[in-house]
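Have a look at the structure below, then the notes.
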Amino acid sequence: MYQRRQSSETRVGQIGIGGSNPIRIQSMGTVDTNNTEGCVAQAKRIIDAGGELVRFTTQGIREAENMKNISAQLKADGYPTPLVADVHFTAHTADVAALYCEKVRINPGNYVDPGRTFKHLEYTDEEYAEELKKIEKKLVPFLNICKEHHTAVRIGVNHGSLSDRIMSRYGDTPEGIVESCMEFLRIFKREQFNDVVISIKASNTVVMVTTVRLLVQTMDKEGMHYPLHLGVTEAGEGEDGRIKSAVGIGALLTEGIGDTVRVSLSEEPEYEIPVARKLVDSIAECAALREQAEAGIKDDTITLEMHETDWESLQLKAAMAVGALLIDKKAHQLVIRNEGFSTEKLVELADGILQAARIKFTKTEYISCPGCGRTLYNLQETIARIKAATKDMVGLKIGIMGCIVNGPGEMADADYGYVGAGRGKISLYKAKECIEKNIPEEEAVDRLIDFIRKDRGL
Ligand code: SF4
């Protein structure tokens, strides 16, 4: 029986997240944050589609300062929707963003610690404690600014951007991801700062679901009940991106976990909103479907009886209903029945869901970011070209990431990567190793395909 987890309420401008508030839906802009007019127009499209919070990347002080203009213009135009600044690597930027935005997202993996270098560093207990003190030294003044300006904070951990410090002690494990968050949360609690929302995201749905569940248990043990923001990062686009998001986010929502949702698609941000809406509106129905499906598991097979008339609803609801069962390996096969759709299409959908839950791989997997103000090339067009050239490379994981700052870390376990390195420049990766740096954008897709073919002897 579906029951939503009881969380505390966090105030974010005019709305509340968690507590008895409805599950909030949000998205993130892709326009350069210095482009006030472009950001305002994009935010309006997101809000008009049903978005209740809009986030923009603030890579530096200049962008953080411009949030003031974006916010003023939106409010003047009758859009009081809370704005969120996304901060990585420069803690001081968060201090500035907190003056102008209703919420600031910080990433524990790079708030004080330098970006992940993938080096295995050894920390003594004293050195480790020293690092925590450094975090506290930056975090406390930031929280004081937030208190003064009634700004909420999201602690947004990404599986792909854990610090070397965390990696050295915990490795790439759910425990490490959760600890990365808890270290910050304990400081928040000590400082009696309660307007906080937590997210732990990963591109791998199994990692994402397992880790968020562990976070909830860990918070409960420490008497913390903060609201949770859910998302699958780098889910890609089109049907695959929707199915992957529905498997990961849906698995948790049907368990009652989640107070705000962002579906990350490599598409226009307003297209994310109806997908998130559908997931949120289908929770009780999919939780009931899941119970039925679990009771009917036979011969390692889940049989899902659906009655949808619309293909996208069928995709999202089916993925959401069986997401947790597959992630928990309750069965390894899936049969979907729904009148009005061909067996071939239903098998294809079942295969897509099995792949999203990492049970069976029948096609190439694309780990592509949704893009943001840091993206300096045409992400959507590039994804389409790479997909067209690699769609038969079954089982291969290809990362297509907008920027060098977060891209290499966040495409985590991709076999090959295409990463924006600067305006018109691309770097290519084999796993975590950069194999070509700063090549012109016009040549980059062909060079990536050539490299993959040669490397795999195709
Ligand atoms: S990886 Fe993509 S979404 Fe993430 S910061 Fe870079 S451009 Fe933005």
Side-chain angles (χ1 to χ4, degrees), residues 28-35 38 57 59-60 63 86 88-90 109-110 114-119 158-161 164 203 233-238 240-241 264-268 363-458:
M28 180 165 177
T30 53
V31 177
D32 180 347
T33 312
N34 295 305
N35 173 356
T57 190
Q59 51 270 62
E63 289 78 10
D86 200 63
H88 296 270
F89 297 105
T90 52
N110 58 34
R116 185 169 169 182
T117 62
F118 304 110
K119 285 181 195 145
N158 274 15
H159 176 215
S161 55
D164 285 337
S203 170
T233 50
E234 290 84 42
E237 42 94 69
D240 293 345
S264 301
L265 298 174
S266 307
E267 300 177 17
E268 294 305 313
K363 46 188 167 180
T364 318
E365 183 160 341
Y366 301 95
I367 301 170
S368 61
C369 81
C372 70
R374 292 179 192 262
T375 317
L376 298 173
Y377 68 90
N378 188 329
L379 188 63
Q380 293 171 28
E381 208 177 282
T382 305
I383 293 171
R385 284 183 61 203
I386 294 177
K387 271 189 146 178
T390 58
K391 63 179 185 306
D392 299 325
M393 299 178 180
V394 174
L396 205 66
K397 289 190 227 98
I398 302 180
I400 309 162
M401 307 297 286
C403 80
I404 201 85
V405 185
N406 290 322
E410 298 200 358
M411 64 189 181
D413 56 351
D415 299 306
Y416 299 95
Y418 180 106
V419 178
R423 198 164 292 282
K425 297 277 183 252
I426 305 295
S427 291
L428 302 180
Y429 285 73
K430 180 180 177 188
K432 293 180 176 69
E433 187 196 345
C434 182
I435 44 153
E436 290 206 68
K437 252 192 191 150
N438 298 325
I439 55 177
E441 186 187 343
E442 313 77 64
E443 299 170 19
V445 173
D446 291 341
R447 301 251 292 255
L448 173 73
I449 310 299
D450 282 353
F451 181 79
I452 295 176
R453 289 195 179 286
K454 265 194 211 126
D455 197 47
R456 306 196 74 83
L458 299 170

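This one's a predicted model, so the numbers in the text were calculated from it and none came from an experiment. Side chains included, hydrogens not; waters and symmetry mates left out as well; all remaining heavy atoms used.
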Does a side chain donor of either R456 or Y416 reach within less than 3.5 Å of an acceptor in the other side chain?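 Side chains of R456 and Y416: pair found under 3.5 Å.
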Nearest 0.5 Å, what's the [atom1]-[atom2] distance between [X] and [Y]?
X	Y	atom1	atom2	value
H159	S203	NE2	OG	9.5 Å
I449	R447	CD1	CZ	13.0 Å
E443	I426	CD	CD1	11.5 Å
E441	N438	CD	CG	12.5 Å
E433	L428	CD	CG	12.0 Å
K397	E365	NZ	CD	6.5 Å

Does the pair I386 and I398 meet the rule for a side-chain contact (heavy atoms from CB on, under 4.5 Å), with working shown? CA-CA 9 Å; I386 294 177; I398 302 180; 4.1 Å; yes
Any sub-3.5 Å donor-acceptor pair from [X]'s side-chain atoms to [Y]'s backbone N or O?
X	Y	value
T364	M393	yes
D86	T57	no
D32	N34	yes
N158	S161	no
E267	G238	yes
E63	G60	yes
S427	A421	no

Does some side-chain heavy atom of [Y] sit less than 4.5 Å from a side-chain heavy atom of [X]?
X	Y	value
T390	Y366	yes
I400	C369	no
E410	E234	yes
C372	M28	yes

Between Y429 and F451, ring centroids under 6.0 Å: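 For Y429 and F451, the ring centres are not under 6.0 Å apart.
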What heavy-atom pair brings [X] and [Y] nearest, and what distance separates the two atoms?
X	Y	value
Y377	G402	CE2-O, 3.7 Å
I404	P408	O-CD, 3.1 Å
S368	S266	OG-OG, 2.8 Å
M411	G399	SD-CA, 4.1 Å

Quick one, Q380 with E237, criterion side-chain contact (heavy atoms from CB on, under 4.5 Å). Give me CA distance, side-chain angles, the key distance, then yes/no. CA-CA 9 Å; Q380 293 171 28; E237 42 94 69; over 6 Å; no
When you look at V405 and Q59, which way does the side-chain contact (heavy atoms from CB on, under 4.5 Å) test go after all the steps? CA-CA 10 Å; V405 185; Q59 51 270 62; over 6 Å; no
Are K363 and D392 close enough for a salt bridge, meaning some N to O gap below 4.0 Å?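 A salt bridge is absent here (no side-chain N lies under 4.0 Å from a carboxylate O).
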So among V419, L379, T375, which one has a side chain to side chain contact (heavy atoms under 4.5 Å, CB included) with M401?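 Testing M401 for a side chain to side chain contact (heavy atoms under 4.5 Å, CB included) against V419, L379, T375 leaves exactly one candidate, V419.
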List the steps and the verdict of side-chain contact (heavy atoms from CB on, under 4.5 Å) for K430 and D455. CA-CA 9 Å; K430 180 180 177 188; D455 197 47; 3.1 Å; yes
